[in-house]
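For reference, the structure discussed in these notes is given below.
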Amino acid sequence: MKFTKKTRYGFQALIDLSVNMKDGPVALNSIAERNHISLQYLEQVFAGLRRAGIVKSMKGSQGGYQLKEEADRITAAMIVRALEGDYHIEGLKEMPEDGMPEMEKTIQDLLTDKINEKLDQILENLTLEDMRQYYLEYGKGCQDMYYI
């Protein structure tokens, strides 16, 4: 499985938003600048996130975007579904008549289903708050490095 650029940018922008919204809504152009993402592309990403109920927009001079819920209630699975759709590996819809159904069932049960279970386990249990905290801790570690 490979996340598209849209999903990677979505994760970046949401982590940025969760870090910077303590003083109110965050302007999309400031998220775009900090993360080196095209504003037009980020507008498309946020349209999907808004439709999924992950972010909300605030109009006016002090407007921008905010998370619609607390970061600890937004899972990675919600974000991926909003930007990619279903993230599961597809199984066979029908068994081929002339094929080997036992072989297909073996692949489905022991590979496809197990991968999908692990994906669910990881993405449903990882929250935006987890990513925000990790980012903040990682950022502190990088600031403490000195080069001579």
Side-chain angles (χ1 to χ4, degrees), residues 1-94 103-148:
M1 178 180 174
K2 180 178 176 183
F3 289 137
T4 63
K5 186 186 296 187
K6 183 178 185 179
T7 299
R8 288 185 177 281
Y9 285 171
F11 277 115
Q12 280 180 251
L14 286 171
I15 292 168
D16 182 292
L17 179 62
S18 69
V19 168
N20 291 295
M21 67 178 236
K22 57 189 169 286
D23 297 325
V26 179
L28 204 55
N29 63 344
S30 64
I31 296 172
E33 285 176 23
R34 279 190 297 271
N35 293 279
H36 310 287
I37 302 171
S38 156
L39 178 59
Q40 293 84 351
Y41 196 77
L42 204 54
E43 286 170 345
Q44 293 174 18
V45 171
F46 268 69
L49 294 170
R50 192 174 56 248
R51 278 191 302 274
I54 294 172
V55 298
K56 61 183 175 182
S57 60
M58 312 292 275
K59 303 213 185 283
S61 62
Q62 301 298 317
Y65 281 89
Q66 289 182 306
L67 296 176
K68 197 164 184 179
E69 296 188 47
E70 296 296 319
D72 63 351
R73 299 202 54 188
I74 299 171
T75 66
M78 293 166 65
I79 298 165
V80 174
R81 271 192 230 102
L83 299 173
E84 300 272 346
D86 186 23
Y87 55 80
H88 287 131
I89 296 173
E90 285 187 24
L92 285 179
K93 300 207 184 338
E94 295 178 19
M103 190 69 72
E104 296 298 336
K105 179 150 178 48
T106 300
I107 293 167
Q108 181 69 40
D109 291 350
L110 296 181
L111 190 63
T112 306
D113 289 348
K114 289 197 182 293
I115 291 170
N116 286 334
E117 287 171 18
K118 290 295 184 187
L119 279 172
D120 284 339
Q121 183 181 8
I122 293 166
L123 296 177
E124 292 290 348
N125 290 302
L126 180 65
T127 67
L128 182 56
E129 179 62 19
D130 296 329
M131 290 181 265
R132 185 183 83 82
Q133 288 295 331
Y134 186 89
Y135 168 77
L136 291 172
E137 288 300 315
Y138 178 76
K140 287 179 188 173
C142 288
Q143 290 174 357
D144 293 340
M145 290 185 181
Y146 297 99
Y147 296 95
I148 298 175

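These numbers were taken from a predicted model, which means no experiment stands behind them. What you see below is based on every heavy atom in this structure, not just the backbone, and it leaves out hydrogens, waters and symmetry mates. The chain is numbered in sequence order, starting from 1.
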Between [X] and [Y], what is the shortest heavy-atom contact and its length?
{"X": "Lys56", "Y": "Leu67", "value": "CE-O, 4.0 Å"}
{"X": "Thr112", "Y": "Ile89", "value": "CG2-O, 3.6 Å"}
{"X": "Tyr65", "Y": "Leu17", "value": "O-CD1, 3.2 Å"}
{"X": "Ala82", "Y": "Gly48", "value": "CB-O, 4.1 Å"}
{"X": "Ile79", "Y": "Met131", "value": "CD1-CE, 4.4 Å"}
{"X": "Asp113", "Y": "Asp109", "value": "OD2-OD1, 3.7 Å"}

(request) Would you mind reporting whether Arg132 and Leu128 have side-chain heavy atoms less than 4.5 Å apart? (result)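 No - every pair of side-chain heavy atoms lies 4.5 Å or more apart.
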
(message) Do Lys68 and Ile74 have side chains that approach each other closer than 4.5 Å (heavy atoms only, starting at C-beta)?
(response)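 They are not in side-chain contact.
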
(request) Without swapping roles, check the side chain of Glu84 against the backbone of Thr4 for a donor-acceptor pair under 3.5 Å. (result)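 Indeed, once roles are kept as given, a pair shorter than 3.5 Å links the two residues.
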
Could you list the donor-acceptor pairs under 3.5 angstrom formed by side chains in residues 22-44, with sequence neighbours left out?
{"residue": "Lys22", "atom": "NZ", "partner": "Val19", "partner atom": "O", "Å": "3.2"}
{"residue": "Ser30", "atom": "OG", "partner": "Ala27", "partner atom": "O", "Å": "2.7"}
{"residue": "Arg34", "atom": "NE", "partner": "Asp16", "partner atom": "OD1", "Å": "3.3"}
{"residue": "Arg34", "atom": "NE", "partner": "Asp16", "partner atom": "OD2", "Å": "2.8"}
{"residue": "Arg34", "atom": "NH2", "partner": "Asp16", "partner atom": "OD1", "Å": "2.7"}
{"residue": "Asn35", "atom": "ND2", "partner": "Asp16", "partner atom": "OD2", "Å": "3.0"}
{"residue": "Asn35", "atom": "ND2", "partner": "Ile31", "partner atom": "O", "Å": "2.9"}
{"residue": "Ser38", "atom": "OG", "partner": "Gln40", "partner atom": "N", "Å": "3.4"}
{"residue": "Ser38", "atom": "OG", "partner": "Gln40", "partner atom": "OE1", "Å": "3.1"}
{"residue": "Ser38", "atom": "OG", "partner": "Tyr41", "partner atom": "N", "Å": "3.3"}
{"residue": "Tyr41", "atom": "OH", "partner": "Lys6", "partner atom": "N", "Å": "3.4"}

Value rounded to 0.5 Å, distance of [atom1] in [X] from [atom2] in [Y]:
{"X": "Leu83", "Y": "Phe46", "atom1": "CG", "atom2": "CZ", "value": "9.5 Å"}
{"X": "Ser18", "Y": "Gln66", "atom1": "OG", "atom2": "CD", "value": "12.5 Å"}
{"X": "Ile115", "Y": "Leu110", "atom1": "CD1", "atom2": "CG", "value": "11.0 Å"}
{"X": "Glu104", "Y": "Thr106", "atom1": "CD", "atom2": "OG1", "value": "9.0 Å"}
{"X": "Ile54", "Y": "Leu14", "atom1": "CD1", "atom2": "CG", "value": "6.5 Å"}
{"X": "Met58", "Y": "Met21", "atom1": "CE", "atom2": "CE", "value": "10.0 Å"}

(request) Say whether Asn116 and Tyr87, considering side chains only, have a donor N or O and an acceptor N or O under 3.5 Å apart. (result)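 No - no donor-acceptor pair under 3.5 Å links their side chains.
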
(request) May I ask you to check whether Glu129 and Gln133 show a side-chain donor-acceptor distance below 3.5 Å? (result)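 A donor-acceptor contact under 3.5 Å links the two side chains.
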
(message) Does Glu70, at its CD atom, have more than 12 non-hydrogen atoms belonging to other residues, nucleotides or ligands within less than 6.0 Å?
(response)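 It does not: Glu70 CD has 12 such atoms or fewer within range.
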
